[in-house]
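The structure under discussion appears below in the form of structure tokens.
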Amino acid sequence: MPLWIALHLPLLPLEVFRPNWSADAAAVVLERDRVSLASALARAAGVTGNMRRGGVLMLLPQAILHERDAAREQRALHEAALALLQYTPQVSSNGADVLLLDIGASLTLFGGIRALCRRVRGTIAQLGLSASLGCAPTAAGAALLAQQPRARHARALSLRTLLPRLERLPIALLGSAVSHLDLLDGIGCRDLADLRRLPRAALQRRCGAAVLAQLDQAWGLSPELHEWIVAPPDFQARIELPDRIEHAQSLQHAAQGLLAQMSGWLSAHHLAVGQVTLQLQHERGRQAIAPTAITLTLAQAVWQETHLLRLLQERLASTVLCAPVIAVSLQVARLEAMAAISTSLFPEPGGTPQQHARLLELLSARLGPDNVRQAKPLADHRPEVSNHWQAALGTQSGSTATPLPDCLPPRPAWLLPQPLPLEIRQHRPYYRGTLQLASPPERIETGWWQGQLMTRDYHVAVSAGHVYYWIYRERIGDPEQHATHWYLHGLFG
């Protein structure tokens with residue numbers, strides 16, 4: 001059965017100016033010198049709809065006035081629709097302040113209607129918008145439920161529960177009937193149930209066919225046609241900041257909205273991203289400063305913003321700005337096809353490779369890429385050469401470590417950066433006590449072709465405290481030498 005989510009953005013004309021005022025400020029949007037929308041504080045002071053500019057300034061001389069900007073509203077609506085494409089490819093706009101999502105095929109993927117509605121509300125909040133949500137089997141019905149007063153989240157999952165709710169809604173919510181409210185009120189029509197009881201022919205003759213068409217679509221009696229929002233071929237997202245930001249951590253909210261848009265764009269194109277760059281733009285003009293780039297390189301490409309946001313939080317926490325930031329933009333690179341979701345019945349023990357890669361990325365972002373390393377042994381008998389380490393996120397695709405042979409004697413867990421010379425006491429090596437040899441010698445002679453001849457006899461040694469060490473005796477090449485040089489090279493766990 002089809003199912004729709006409608007998002008009504010009643011404060012959109014005001015919230016597109018939100019960067020220029022705080023939530024507890026008295027802000028007013030004017031259209032043709034009359035009040036179109038006012039903030040809660042302005043309404044509490046007596047500002048009402050259709051009031052003139054002079055009346056607003058008389059009540060609130062400190063009010064922040066804005067001229068309604070339809071282009072900015074349309075841009076904000078498009079950004080919200082782009083972010084919502086991560087939940088369904090079928091998103092459309094029904095009017096200037098309503099978004100419709102066909103989520104009939106998305107319920108199982110996102111864990112049911114409750115979880116999906118919760119995620120949709122969270123995405124809209126990341127963009128800095130306020131929305132009321134309605135859910136119904138018809139798009140027009142969901143839009144009416146979302147626009148009803150004093151109800152932020154209304155759900156009717158079947159026509160049997162939807163129809164009684166629709167009948168109690170006021171006629172003013174029906175967009176096609178707004179221009180006929182005086183006529184309908186004069187004949188006693190207060191809600192949609194009264195409107196549907198009127199003779200259809202007479203209603204169409206006086207109010208037009210659009211009223212009947214919208215009623216039939218809401219009741220599921222006629223098909224609905226939608227123009228789906230299409231994601232652009234390239235991703236470009238930028239946000240101007242309300243003020244100069246001097247601390248990188250304060251940019252997290254702006255980055256959330258950009259990442260939400262990116263996630264919707266990736267889902268619409270069935271792509272995943274392997275590298276994301278956040279450009280922090282500073283002063284322009286004569287005192288221009290080069291932007292600060294924060295690049296997140298991923299071991300495995302992703303398309304959801306959750307993991308990227310955690311990485312970005314760590315990077316922002318350790319970033320020191322060279323100058324205040326006035327704008328933020330997001331760029332994507334290393335795009336590839338989206339990986340299929342695993343359909344295995346039982347989870348993999350120890351976590352999936354994707355979870356392991358995300359852990360390494362999070363640790364690298366928090367501690368620095370040079371402080372999170374992984375072993376990459378080389379095919380060489382010299383321990384200090386074969387014991388090669390590199391950054392955990394620096395492994396190139398396709399490069400694998402050389403496997404070690406199974407016949408090697410025991411190797412220590414830790415190798416010293418430089419072998420440590422040992423004292424000789426009573427003809428035995430000494431390190432925090434006399435060391436007793438616990439294994440036959442392992443002779444390594446190599447490096448002669450590089451002019452770095454190495455001749456060593458390695459032993460496992462044990463101290464009186466039962467601590468095991470890896471030591472070697474250096475042989476210069478003279479089997480008759482009398483001076484024996486012992487070195488500590490590693491420690492066993």
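The analysis underlying the following values was restricted to heavy atoms, covering all of them including side chains, and did not include hydrogens, waters or symmetry mates. None of the values given here were measured: they were computed from a predicted structure.
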To the nearest 0.5 Å, tell me how far [X] [atom1] sits from [Y] [atom2].
{"X": "Gln304", "Y": "Leu259", "atom1": "CD", "atom2": "CG", "answer": "12.5 Å"}
{"X": "His282", "Y": "Ile326", "atom1": "NE2", "atom2": "CD1", "answer": "9.0 Å"}
{"X": "Leu30", "Y": "Arg32", "atom1": "CG", "atom2": "CZ", "answer": "13.5 Å"}

What closest approach, in Å, do [X] and [Y] show between heavy atoms, and which atom pair accounts for it?
{"X": "Trp219", "Y": "Leu163", "result": "CD1-CD2, 3.2 Å"}
{"X": "Arg34", "Y": "Asn50", "result": "NH1-O, 2.9 Å"}
{"X": "Ile229", "Y": "Leu85", "result": "O-CD2, 4.2 Å"}
{"X": "Ala213", "Y": "Ser222", "result": "O-OG, 4.1 Å"}

Checklist entry - How far apart are the C-alpha atoms of Trp303 and His269, what are their side-chain angles, what is the distance that settles it, and do they pass the ring pair (Phe, Tyr, Trp, His ring centres under 6.0 Å) test? => result CA-CA 10 Å; Trp303 62 90; His269 291 282; over 10 Å; no
Next on the checklist: Check this for me: Gln62, atom CD, are more than 12 non-hydrogen atoms of other residues, nucleotides or ligands nearer than 6.0 Å?
Outcome noted: yes
Next on the checklist: Tell me whether Leu225 at atom CG has more than 12 heavy atoms from other residues, nucleotides or ligands lying less than 6.0 Å away.
Outcome noted: no
Item to check | Worked verdict on Val276 versus Thr295 for side chain to side chain contact (heavy atoms under 4.5 Å, CB included) | outcome: CA-CA 6 Å; Val276 174; Thr295 301; over 6 Å; no
Next on the checklist: Quick one, Glu336 with Arg334, criterion salt bridge (Lys or Arg N to Asp or Glu O under 4.0 Å). Give me CA distance, side-chain angles, the key distance, then yes/no.
Outcome noted: CA-CA 7 Å; Glu336 60 184 63; Arg334 286 176 47 192; 5.6 Å; no
Does a side-chain heavy-atom distance below 4.5 Å link [X] with [Y]?
{"X": "Cys135", "Y": "Leu157", "answer": "yes"}
{"X": "Leu251", "Y": "Leu241", "answer": "yes"}
{"X": "Leu192", "Y": "Leu144", "answer": "yes"}
{"X": "Leu280", "Y": "Pro291", "answer": "no"}
{"X": "Leu174", "Y": "Val211", "answer": "yes"}
{"X": "Leu7", "Y": "Ile124", "answer": "yes"}
{"X": "His226", "Y": "Leu100", "answer": "yes"}
{"X": "Leu116", "Y": "Leu109", "answer": "no"}

Item to check | Stepwise side chain to side chain contact (heavy atoms under 4.5 Å, CB included) check, Leu127 with Gln261 | outcome: CA-CA 9 Å; Leu127 299 173; Gln261 297 178 49; 4.2 Å; yes
Checklist entry - What's the verdict on side chain to side chain donor-acceptor pair (under 3.5 Å) for Ser130 and Glu15, showing C-alpha distance, side-chain angles and the deciding distance? => result CA-CA 8 Å; Ser130 302; Glu15 288 178 332; 2.5 Å; yes
Side chains of [Y] and [X]: any donor to acceptor distance under 3.5 Å?
{"X": "Ser263", "Y": "Gln86", "value": "yes"}
{"X": "Glu227", "Y": "Ser92", "value": "no"}
{"X": "Gln148", "Y": "Arg165", "value": "no"}

Next on the checklist: Can you classify the ring geometry of Phe110 versus Tyr87 as parallel (below 30°), tilted (30 to 60°) or perpendicular (above 60°)?
Outcome noted: perpendicular
Item to check | Residue pairs passing the ring-ring contact (aromatic ring centres under 6.0 Å, His included) test where at least one lies in residues 198-217, sequence neighbours excluded | outcome: none
Checklist entry - If you measure from the Lys or Arg side-chain nitrogens to the Asp or Glu carboxylate oxygens, is any gap between Arg310 and Glu305 under 4.0 Å? => result no
Item to check | salt_bridge(Arg75, Glu73) N-O dist < 4.0 Å | outcome: no
Checklist entry - Please walk me through it: do Ser176 and Gln214 pass side chain to side chain donor-acceptor pair (under 3.5 Å)? => result CA-CA 7 Å; Ser176 56; Gln214 191 171 0; 2.8 Å; yes
Item to check | Criterion side chain to side chain contact (heavy atoms under 4.5 Å, CB included) on Arg114 and Arg155, from CA distance to verdict | outcome: CA-CA 10 Å; Arg114 291 179 181 271; Arg155 289 193 294 264; 3.2 Å; yes
Checklist entry - Does the side chain to side chain contact (heavy atoms under 4.5 Å, CB included) test come out yes or no for Val28 and Leu37, once each step is laid out? => result CA-CA 6 Å; Val28 178; Leu37 191 63; over 6 Å; no
Checklist outcome for this item: Here the salt bridge (Lys or Arg N to Asp or Glu O under 4.0 Å) pairs for residues 186-197, sequence neighbours left out, are Asp185-Arg190, Asp194-Arg197
